[in-house]
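Everything on this sheet refers to the single structure shown next.
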Amino acid sequence: MKPFIYPSSMETARALILHLIKIMIDEPGKTFNFAFSGGSTPALMFDLWANEYSDITPWTRMRVYFVDERCVPPENSDSNYGMMRSLLVGVVPIPYENVFRIKGEERPEKEAVRYSRMVENNVAMKDGWPVFDVVLLGAGGDGHTSSIFPGQESLLSSDKIYEVSYNPNNGQKRIAMTGCPIINAQRVIFLITGKSKADVVEEMCTSGDTGPAAYIAHHAENVELFLDDYAASKIDEEEISD
Ligand SMILES: O=C1O[C@H](COP(=O)(O)O)[C@@H](O)[C@H](O)[C@H]1O
């Protein structure tokens with residue numbers, strides 16, 4: 001696990017954007033399949049990306065998938081796609097056909113199957129699982145990642161690519177990328193900022209699969225942590241670098 005730690009959430013987001021752009025620029029002939037999480041943390045990153053780094057991003061070589069979605073229409077403020085559309089993909093010159101949204105307004109069970117099939121047809125497969133170039137994850141203060149919450153650990157070993165889950169705090173249905181496609185990605189990158197996430201980051205960096213985010217951090221091959229000083233306040237950077 002490789003930690004990258006910056007003094008503020010803005011500097012962390014900027015460093016991650018440059019990291020993703022470099023990954024694409026280093027392989028000029030390739031189209032990249034990136035799966036993005038939603039929530040409040042990446043919103044800052046999407047905003048900065050559109051406003052400061054759009055000109056240097058090879059948009060036509062980037063395909064955007066979603067790690068998870070709340071089962072609401074795009075106009076709802078909870079929609080991960082809606083948030084990304086207003087801050088990033090609706091603003092920058094990425095081709096419309098490169099953005100593969102999860103339809104939160106459809107029947108969740110049917111949409112999880114449709115989206116899983118669409119991913120199978122568009123992303124290279126290995127051993128029955130898609131291999132995304134990057135899966136970008138966040139983590140909740142309760143240890144959830146994707147939309148896999150504590151108590152829903154069976155989704156970590158599901159034989160499906162996406163499944164229906166729910167937010168135990170309000171019962172809202174979600175569609176979540178499951179554990180195996182996350183673990184099989186070329187790179188798993190966590191973007192985590194803020195003091196309220198320091199305990200989760202500590203759990204991710206110590207042994208014991210205490211929750212979904214810690215499980216992924218321990219079981220994925222190539223994990224990078226983009227953190228601000230607050231989120232990293234309970235870890236020892238030297239001890240976790242590999
Ligand atoms: O509900 C969600 O939560 C996690 C963490 O979100 P944040 O708001 O604390 O940054 C996120 O990774 C996930 O995509 C989202 O649906």
Side-chain angles (χ1 to χ4, degrees), residues 8-10 12-13 16-17 20 34-49 64-74 76-89 99-105 108 111-112 115 132 134-152 155-156 161-179 181-183 185 187-204 211-217 220 223-228 230-232:
S8 70
S9 55
M10 267 201 166
T12 310
L16 177 52
I17 296 163
L20 294 174
F34 288 173
F36 289 98
S37 288
S40 54
T41 314
L44 171 64
M45 173 189 163
F46 296 156
D47 194 31
L48 290 169
W49 202 335
V64 172
Y65 299 83
F66 286 77
V67 169
D68 67 326
E69 184 56 283
R70 291 86 179 268
C71 294
V72 294
N76 188 299
S77 59
D78 275 352
S79 168
N80 284 340
Y81 168 70
M83 180 273 286
M84 203 208 220
R85 180 177 62 182
S86 65
L87 295 175
L88 185 65
V89 297
V99 180
F100 299 87
R101 80 174 178 100
I102 300 174
K103 294 180 180 167
E105 69 276 27
E111 180 60 8
Y115 202 75
F132 287 99
V134 171
V135 170
L136 178 68
L137 296 172
D142 60 358
H144 82 267
T145 193
S146 174
S147 273
I148 307 175
F149 289 82
Q152 300 169 1
L155 297 183
L156 293 167
I161 302 173
Y162 285 82
E163 285 231 45
V164 178
S165 69
Y166 67 97
N167 178 351
N169 302 308
N170 60 10
Q172 181 187 59
K173 282 197 175 183
R174 306 280 188 100
I175 293 175
M177 189 187 286
T178 61
I182 298 176
I183 284 167
R187 292 166 191 259
V188 174
I189 303 179
F190 282 92
L191 171 63
I192 308 177
T193 60
K195 208 172 168 185
S196 64
K197 308 282 176 74
D199 288 335
V200 181
V201 171
E202 186 184 23
E203 286 175 13
M204 291 167 66
Y215 177 93
I216 296 294
V223 178
E224 295 166 322
L225 302 179
F226 278 73
L227 310 169
D228 68 356
Y230 289 114

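Whatever order the structure lists them in is the order used to number ligands and atoms, beginning at 1.
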Numbered atoms of ligand 1 (with element) below 4.0 Å of Thr41, judged on heavy atoms: 7 (P), 10 (O)

Options Ser37, Gly140, Gly39, Ser165, ranked by nearest heavy atom to atom 6 (O) of ligand 1, top entry: Gly39

Part of Asn80 within contact of ligand 1 (heavy atoms, under 4.0 Å): side chain

Subset of ligand 1 atoms that lie under 4.0 Å from at least one heavy atom of Arg174: 1 (O), 2 (C), 16 (O)

Tyr166 vs Gln152 side-chain heavy atoms within contact, under 4.5 Å: yes

Proximal atoms of ligand 1 relative to Ser146 (non-hydrogen, under 4.0 Å): 13 (C)

Over 12 non-hydrogen atoms of neighbours within 6.0 angstrom of CZ in Phe46: yes

Atom indices of ligand 1 within 4.0 angstrom of Gly138 heavy atoms, with elements: 12 (O)

Structural part of Glu69 in contact with ligand 1, heavy atom criterion under 4.0 angstrom: neither

Straight-line distance of Ser165 OG to Gln172 CD, nearest 0.5 Å: 9.5 Å

Sub-3.5 Å N/O-N/O distance, Gly38 and ligand 1: yes

Asp68 heavy atom under 4.0 Å from ligand 1: yes

Nearest atoms (heavy-atom pairs only) where Ala198 meets Tyr230: CB-O, 3.7 Å

